[in-house]
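What follows is a short report on a single structure.
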There are 2 protein chains.
Amino acid sequence: MAKWVLTFGDGRAEGRADMRDLLGGKGANLAEMANIGLPVPPGFTITSDVCTYFYANGKSYPDALDAQVKAGLEHVEKITGRRFGDAQNPLLVSVRSGSRASMPGMMDTILNLGLNDETVEGLAANADDRRFAYDSYRRFIQMYSNVVLGLDHHVFEDLLEQAKDRRGVVEDTQLDVEDLGKLVAIYKAKVEKETGSPFPQAPLEQLWGAIGAVFSSWMNPRAITYRRLNAIPESWGTAVNVQAMVFGNMGETSATGVAFTRDPSTGEKTLYGEFLVNAQGEDVVAGIRTPQPITEAARIAGGVAAPSLEMRMPEVFREFVAVAERLERHYGDMQDLEFTVERGKLWMLQARNGKRTTKAALKVAVDLAAEGVLTREQAVLRIDPASLDQLLHPTIDPKAERKVIATGLPASPGAAQGEIVFSSEAAEAAVSGSSGRSVILVRVETSPEDIHGMHVAAGILTTRGGMTSHAAVVARGMGKPCVSGAGALRIDEKGGTLTVAGRTYRAGDVITIDGSTGQVLDGPVAMVQPELSGDFNTLMGWADEISRMEVRANAETAEDARAAREFGAKGIGLCRTEHMFFDEDRIVAVREMILADDESGRRKALAKLLPYQRSDFRELFKIMQGLPVTIRLLDPPLHEFLPHGDRAIAEVAEAMGVDAEKLKRRAEELHEFNPMLGFRGCRLAIAFPEIAEMQARAIFEAAIEAGRETGAPVHCEVMVPLIVARADFDFVKERIDAVARELEADGASLSYQVGTMIELPRAALRAGEIAESAEFFSFGTNDLTQTALGISRDDAAPFLSHYVAKGLLPADPFTTIDRDGVGELVAIGVERGRATQPKLKLGICGEHGGDPASIAFCEELGLDYVSCSPFRVPIARLAAAQAAIRNAAKQGEPAV
Amino acid sequence: MAKWVLTFGDGRAEGRADMRDLLGGKGANLAEMANIGLPVPPGFTITSDVCTYFYANGKSYPDALDAQVKAGLEHVEKITGRRFGDAQNPLLVSVRSGSRASMPGMMDTILNLGLNDETVEGLAANADDRRFAYDSYRRFIQMYSNVVLGLDHHVFEDLLEQAKDRRGVVEDTQLDVEDLGKLVAIYKAKVEKETGSPFPQAPLEQLWGAIGAVFSSWMNPRAITYRRLNAIPESWGTAVNVQAMVFGNMGETSATGVAFTRDPSTGEKTLYGEFLVNAQGEDVVAGIRTPQPITEAARIAGGVAAPSLEMRMPEVFREFVAVAERLERHYGDMQDLEFTVERGKLWMLQARNGKRTTKAALKVAVDLAAEGVLTREQAVLRIDPASLDQLLHPTIDPKAERKVIATGLPASPGAAQGEIVFSSEAAEAAVSGSSGRSVILVRVETSPEDIHGMHVAAGILTTRGGMTSHAAVVARGMGKPCVSGAGALRIDEKGGTLTVAGRTYRAGDVITIDGSTGQVLDGPVAMVQPELSGDFNTLMGWADEISRMEVRANAETAEDARAAREFGAKGIGLCRTEHMFFDEDRIVAVREMILADDESGRRKALAKLLPYQRSDFRELFKIMQGLPVTIRLLDPPLHEFLPHGDRAIAEVAEAMGVDAEKLKRRAEELHEFNPMLGFRGCRLAIAFPEIAEMQARAIFEAAIEAGRETGAPVHCEVMVPLIVARADFDFVKERIDAVARELEADGASLSYQVGTMIELPRAALRAGEIAESAEFFSFGTNDLTQTALGISRDDAAPFLSHYVAKGLLPADPFTTIDRDGVGELVAIGVERGRATQPKLKLGICGEHGGDPASIAFCEELGLDYVSCSPFRVPIARLAAAQAAIRNAAKQGEPAV
């Protein structure tokens, strides 16, 4: 027969910690604590399978459940020596939901269940405290009526207020036992009036009502929303925990408290917690009374007068310390504990891994490894890679007040503050002055022409565009804070104002942006500077030892390349050469090339660009000395380099000494309806091979020079973007090889490979042929996502939000790789490419290269490296190590 | 040992007509004629395998070739009784290239090979004509030196001119034998001077030189270009035909001629040809002398004085008629013949299927089937589906003079002429007048707002955009001639002028466009109106009996639907509902919906659209009575319905009574960088389900009304565009089903299916799940091509041309489906969809649905139908029949 109910208590349990899927987090931990002999109030857990059954069978229960719940109650009765519904010695229970993942959206707890007009007297007698018993009964009716019967809790609060008014008192505690007895009667009458039935007196009826309420709450709107936001599948379901009540409010020898086994903000190994005498759990949280420190040391350090638990209940304290140490070793992690002392006896109510700051998490993991509690692999698995972001960027002081004026998307982490500027020119002007001002570049959206402005700004704020808009991608690449798509802001560029909710900011006004939350704040706010601890370096070292994949960085400037090396990148996986074209000196030559009437005109203009590109590459090669550098040929459509709008065109034409009409006509000719699917990538090299030839020459000559200067030979990887077949790749590769042959004929010795981006569905499908001549593949999953799903990332915000909100896609596919669609294309590319060339070097250089879930997928596919923005390199290193550990474990598992 | 050389002559041959791949077209036909006992000058063919060997082995020959060529020569010597190089009785040969496909780019023929200073005397003696012999020698040196030795032919023409000058004569024929003897000496001296070696005297050396020249010519630039333009693989190679010379210029009993077995312009069964007495083949073509008709009937009909072949050489004529009839029956097709009469003896030099007009092709095929020469299947296979276009549209009179002022892309077939108008408004104004003027709408490019102008225009001309630009697609759908992307034209909209090559046209000036060639012509030009013959209907009837797939049409207007039925469509495969939104009455409501602040505002505006949509659908259902109609929900992004530019916005705002600023802001909000990948398709229905609900209601209510009016129940297929998963499809399907349930609850009885477009790579990959709830798939291969290849069709022209020109893609993927990329996605979609739902209805509704090569692919995949524009329905019907025949044949073939 199916086992729907598992019991625990009295030093053993039918469940275990690893049965979280079935028992939920709370139920599994209660069982585990019972199993290892800790003092846990006895109880039982109704499994999440019942929840699944409940929804699959029109909200009904399995036949066997009734008997199993009764057996569970008998188990508790036997241990406690009390009986459910017994007038003399009543068993009271709490009923709590508990799902696999922590889910605050779920049902509230019901305490004191089992109380009725009879048992309340038994409780009074047992506790020797009638007021306590009636207050418990009053609270139970209120809680149960609200949670199970669906009455608004204001109804009861109003009745309580009226009772206090009648008595002329202010505090609940001022009501005496008679007042409470009357209030119970009033509550019951109200319930009957509102629901048409009397308040249930039969404890079993109460219990089944509570169980049904827990299962029903799995589908309440709050829970549904929470699951959606946290990507928790509906199919998981919830378990129900029924547990004997213990009371921390049975007088001066009773107490309740919470504790962490280590300091959650620093990770220091010191018991850290608070308690209250004669109180219930909610009183600690409610903040009416001030809790006292648990340890003497903390009491002294905090200058607290009230005694510590260590002083007040030394026996209990000693037992608690032992339990805490035991649990930490048992779980191999810092614990967050809840306990109650009932008349001098310690009861453990909850033990779970404690939340902590990233800094603390690193220290705890490294310390636990040092203490021999964890292996290095386990320590590496303890850290959430995404949390490292906190360490790498300045953040807003948690204690500072935040005057939020708008919220956009958290496009690039970290906080920044500065004066508002509305153009890149203004940004440069402000920063280049002697005063060294800090500015926030505020734009509707950015374009490649804004690169120089973004470079000097402390942060970027846009009113349009998503997580993968130009501003977001470039800012992340630069490691600069960015808030994008703050749609509530209205920019009047001409007027030079930023308006939000009736308030107007002008250029020069100071704002702060928090790229980790998407908030835009009024004025300057206190900041905390990042600091990389020794623990960080220790753990990252372990991660690197464990990883199979390498982590490279996407970088094109010397600054980015240096940051990449500092953060531990093992090379550059993507150098976007076009970013080198926007400098003032260069853009003129670029535009001359675009305006040239024929090949010889283009070659003339390209000759001017050659020295710039060569020197950029030489610098990169020198910084990355000893590490591979992958350089992508020119990718964006040429119109991105031309000015837009009549005024800008006129200015540029004037400056270049060309006819404005001609410039305008060329811009119009180059205009595209869908530039993402336009004249870009290798299509430029195919139409104008001289561009690819110039770039190849610049790369190779730079490699020669850098090799000569550093004495270390340079290995460069030339990458052809946007191919659809072997033929177009070969066309460009031939041009690159021809340049190399020419230089080699002059005596140069070159070490290079020519490979390609796999960023279009057709390229993935044709990977077998492409691998016949490409020497490496780099999966460009940004464009692959755009094309496979037909979603322009710059235009996605208005509809992709609906997709994610309505659960039509599991996650934003630009953040985490879409395994089922894009992922299959990548897998096809890997499989076919390696079928042709088993040792084919494979990497990924889209934004996904810095996303832990996507990195796990890359590990499963057997890629050789991931490449991401420099500031995500540590995250990727850690994620790569975790992926290696988990994938190895998965491989080791017996096949299903 | 490999057989590199195959001989023919004297009533037998080693080759056959079906050995075209090995022998080339010419060689295979010569062998076939020899085999069936026709009088063919003996010879041999060096196979195309030698060409393959030649290029694979550094331009060398297989070892065995030398001996085999010698054996071939001996074979010819034996039959002719002459010897190669013999001074008394020399064998002379012609050397011709001949590949699998007809290839005009290849090497010129060399005649009279084997002549030298000795053999020329033998020829003179044999022919009893020294002048003839020296003229032949002179021509041989000239031809050989040019073709084999690479000397410019002007060199020899100059020397010939000088010789005539010296003699004071004008015509070549005025030179006597001594003049020619001297000229031969001068020629030989010239060759020695230019090449450093004497003109080769050894016949074998001459022969090997010619063979090498044929093989080398396979890679000459003309041949490469021709192969590229005609998609002929380089790997095919060419064969070499060496054949005994026969002379039509050996006096008055010799002649040469060409003939068709039927009239190539009408298909009438009558021998149709011309000949010249005492002449060589090139003289017939050169046009110096007027050739005479072959039959008496033709001579009388043409009022020609010179005697016919029938009169002049009655014996030869009778033999020729018998040969012609035999060949036609043998090949089962009209033949194009070349013959020579040498001193009263008939020799056949060539027999091949004759080129003909489409009208003639239909008559020939139907007649041959009636004569029992062909089966109906064979007759159906005889017609090139694409050629039917000629019959369906007005065309420019072939006799008319064409003053071409520009050439664009042949975007939609047929010719049209009319006054230039530069806007849709002007087009409507001009046409709506009492005069009923004909106009050509001339635009830089068209947008959905131009639909009404395109509707009234006789033809459309754009200066930008490709074969699949908006103008091209819509024009083809309407069956209207269109020339797109005529980049040489410059439009000044403000000035109202069209300028090309210094000439300026104004609104009202008449031009003619030829959408079949892409030409733009000055002024009006004489036209020929289309006419569908009985033969057409007969053959199409046969085609429909043979086809497995059905052909539907893409249509949304009543006019298109009627045309579709007339052309034999078996339903509507794609009704694009948005095309119904642009009418003046409706666009206002559409815009109100877009501007609405909330759902209730949108519902109010949609309620106004409902009656329009319902009545449109009712009309369609009535016209298509008894046939299925597939209706696609709203697809384009909403910004397509808003005005662009400040002036237009101001006008519309004024007309709508809304704030221009608001309208402008909304237009800005909706602006997209890549609309193709933007907020469109089912994404609209997901964000605004009320739109899909209104459309579903309009469809179902129209079906009910049409069913009531016609008494025949309507089956409608509602199609959800642009899905990426089952989840988004289900979301929209639920809304549609809900509307249906509501109407059914009111007593209506509906017959409908909800299916989806598979037009994104992800949808193809997820087809297995999607087929769990979709009731049919329609492959939208336009968008699938755009996304799989990352090519925006509206922007493709500037780079796709490079791809096709450089052979990087086999064909324009928007014209013929890209089997290797897009095709694999479609195949995956078919396979996974049918794995879930074996009877899943599958169709295609992209432009490929009207392309014969793509239709063949659809047949191979087992699709149920193709859908194309109404004017391509006959083409698709024929192509579907051919595909069915060929695919069945392929299935029947033993597996390789």
Side-chain angles (χ1 to χ4, degrees), chain A residues 444-445 464 487 637 665 668-681 683-684 686-687 722 724-725 727-728 730-731 759-766 769 783-784 786-796 798-803 806-809 813 818 820-822 824-825, chain B residues 444-445 464 487 490 637 668-681 683-684 686-687 722 724-725 727-728 730-731 759-766 769 783-784 786-796 798-803 806-809 813 818 820-822 824-825:
Chain A
V444 173
E445 60 215 353
R464 201 150 73 183
R665 202 157 56 233
E668 276 169 14
E669 280 168 11
L670 289 174
H671 167 265
E672 293 184 311
F673 298 101
N674 299 291
M676 153 67 204
L677 307 176
F679 195 174
R680 49 171 287 240
R683 296 161 192 175
L684 296 167
I686 283 164
L722 213 71
V724 296
D728 51 355
D730 280 348
F731 182 93
E759 53 185 332
L760 292 172
R762 193 185 197 278
L765 294 171
R766 306 313 297 166
E769 287 156 23
D783 280 5
L784 205 50
Q786 297 198 82
T787 47
L789 277 76
I791 298 180
S792 161
R793 65 181 187 188
D794 286 335
D795 302 312
F799 57 90
L800 199 53
S801 56
H802 285 278
Y803 266 73
K806 289 173 176 150
L808 307 180
L809 281 176
D818 158 41
D820 289 345
V822 176
E824 183 174 359
L825 288 171
Chain B
V444 173
E445 61 215 353
R464 201 151 72 183
R490 201 149 291 286
E668 276 169 15
E669 279 168 12
L670 289 174
H671 168 264
E672 293 184 311
F673 298 100
N674 299 292
M676 153 69 205
L677 308 176
F679 195 175
R680 48 170 287 239
R683 296 160 192 177
L684 296 167
I686 284 164
L722 214 72
V724 296
D728 51 355
D730 280 348
F731 183 93
E759 55 186 331
L760 293 172
R762 194 185 199 275
L765 295 171
R766 306 315 296 166
E769 287 155 23
D783 279 5
L784 204 51
Q786 297 198 82
T787 48
L789 276 77
I791 297 180
S792 160
R793 66 181 187 189
D794 286 336
D795 303 312
F799 57 90
L800 198 53
S801 56
H802 285 278
Y803 265 73
K806 287 172 179 153
L808 306 180
L809 280 176
D818 157 42
D820 289 345
V822 176
E824 183 174 359
L825 288 172

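The chains referred to below are lettered A, B, ... by the order of the sequence lines, with proteins before strands, and numbering in each begins at 1. All figures in this text were calculated on a predicted structure; none of them were measured in a lab.
Interface check for chain A: of the options B:E824, B:K806, B:R683, the most heavy-atom pairs under 4.5 Å are formed by B:R683. Highest contact tally toward chain B, considering only A:P637, A:P761, A:S801, is held by A:P761 [criterion: heavy-atom pairs under 4.5 Å]. Between chain B and the options A:L722, A:D728, A:V724, the largest number of non-hydrogen pairs under 4.5 Å is found for A:D728. Of the listed residues (A:L808, A:L760, A:D795), the greatest number of heavy-atom pairs within a distance under 4.5 Å of chain B belongs to A:D795. Comparing A:P675, A:G807, A:P798 by how many heavy-atom pairs each has under 4.5 Å with chain B, the most go to A:P675. Heavy-atom pairs under 4.5 Å with chain A peak, among B:G487, B:A725, B:G681, B:A727, at B:A727.
You'll find the side chain of B:I686 reaches within 4.5 Å of the side chain of A:Y803, heavy atoms only. At least one side-chain heavy atom of A:L677 sits less than 4.5 Å from a side-chain heavy atom of B:L677. A 4.5 Å side-chain heavy-atom check between B:E668 and A:V444 finds every atom pair outside the cut-off.
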Report task. Evaluate the side-chain contact (heavy atoms from CB on, under 4.5 Å) criterion for residues B:R680 and A:F799: first the C-alpha distance (whole Å), next the side-chain angles of each, then the deciding distance (0.1 Å), finally the verdict. Result -> CA-CA 9 Å; B:R680 48 170 287 239; A:F799 57 90; over 6 Å; no
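Listed for the B:R766 side chain is a donor-acceptor partner under 3.5 Å among the backbone atoms of A:D820. Distance alone, capped at 3.5 Å, places no donor-acceptor pair between the B:N674 side chain and the A:S792 backbone.
Heavy-atom distances place no part of A:L684 under 4.5 Å from chain B, backbone and side chain included. Of the atoms belonging to B:A796, not a single heavy atom falls under 4.5 Å from chain A. Proximity to chain A is limited to the side chain of B:D818, based on heavy atoms less than 4.5 angstrom apart. Residue contact with chain A, scored on non-hydrogen atoms closer than 4.5 Å, is absent for B:L784.
A:R762 CZ to B:L825 CG: the interatomic distance, rounded to the nearest 0.5 Å, is 10.0 Å. With values rounded to the nearest 0.5 angstrom, B:L789 atom CG is found 10.0 Å from A:T787 atom OG1. Taking CZ of A:F679 as the start and CG of B:L800 as the end, the distance is 11.0 Å to the nearest 0.5 Å.
Here the options are B:E445, B:R793, B:M676, B:E672, the test is side chain to side chain contact (heavy atoms under 4.5 Å, CB included), and the partner is A:F673; only B:E445 passes.
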